[in-house]
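Since the structure comes first, as structure tokens, the remarks are kept for the end.
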Amino acid sequence: MDTFTLMVAILLMMIAVQYNQNWLIAAIVLLMVVTMRSASTTAVLIIATVVLFVAKPYLEQYWPFLLFGLIIFATVLGGGGKQEQPQQEMYSADMFGGMGMGGLGGGY
């Protein structure tokens, strides 16, 4: 998971916490945990959920600090720093499938 997706999930959870929509928070956490690939980002999301519930009275004044703190925490744990390399394509990228100048005709 990249850092931007984690940031959007945390923002959505912040909005849901302010409106006391606990079912929406549970749905966001469940959806993000199912779609994540690493345990560290799952841990960051669960910690972010706990922090949001604990900091609920102060959320309106200090939301930028809380958001950036959680993003820094996610980066330190390694949740947003690594990107997987795409797999090598099986076929070449040219129009004739790597058969040279002859194309499909056999190279006359």
Side-chain angles (χ1 to χ4, degrees):
M1 172 189 287
D2 58 348
T3 308
F4 181 73
T5 307
L6 182 65
M7 182 176 63
V8 169
I10 291 172
L11 277 173
L12 288 174
M13 286 192 313
M14 281 183 180
I15 293 169
V17 164
Q18 287 181 343
Y19 288 110
N20 292 324
Q21 299 295 323
N22 294 334
W23 67 272
L24 191 58
I25 297 167
I28 291 169
V29 171
L30 183 67
L31 183 68
M32 296 304 289
V33 167
V34 167
T35 59
M36 282 188 227
R37 294 184 183 165
S38 68
S40 63
T41 53
T42 303
V44 167
L45 192 62
I46 292 172
I47 290 171
T49 306
V50 171
V51 167
L52 287 176
F53 275 113
V54 169
K56 185 177 179 179
Y58 310 109
L59 197 58
E60 189 174 331
Q61 295 93 4
Y62 300 114
W63 71 266
F65 303 113
L66 189 63
L67 178 66
F68 290 124
L70 288 171
I71 290 172
I72 291 170
F73 184 66
T75 306
V76 167
L77 281 181
K82 300 178 212 169
Q83 294 290 331
E84 292 184 15
Q85 295 293 330
Q87 290 183 353
Q88 201 71 337
E89 290 188 19
M90 192 169 171
Y91 302 106
S92 64
D94 66 345
M95 188 167 56
F96 299 113
M99 290 188 248
M101 292 300 289
L104 297 176
Y108 289 101

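Nothing fancy with the numbering, it's 1 onward along the sequence.
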Members besides Ile46 in its Ile/Leu/Val/Met/Phe/Trp/Tyr cluster (side-chain heavy atoms under 4.5 Å): none
Check step by step if side chain to side chain contact (heavy atoms under 4.5 Å, CB included) holds for Leu6 and Met32. CA-CA 9 Å; Leu6 182 65; Met32 296 304 289; 5.9 Å; no
With a cut-off of 6.0 Å (strictly less than), are more than 12 heavy atoms of other residues, nucleotides or ligands near CD of Gln61? yes
What pairs of donor and acceptor atoms, side-chain ones from residues 9-31 against any protein atom, are under 3.5 angstrom apart with sequence neighbours left out?
residue: Asn20; atom: OD1; partner: Lys56; partner atom: NZ; Å: 2.2
residue: Gln21; atom: OE1; partner: Trp23; partner atom: NE1; Å: 2.6
residue: Gln21; atom: NE2; partner: Tyr19; partner atom: O; Å: 3.4

Only one of Ile47, Thr49, Val54 passes side chain to side chain contact (heavy atoms under 4.5 Å, CB included) with Val51, and that residue is Ile47
Distance-only donor-acceptor pairs under 3.5 Å for side chains of residues 64-74, two or more places apart:
none

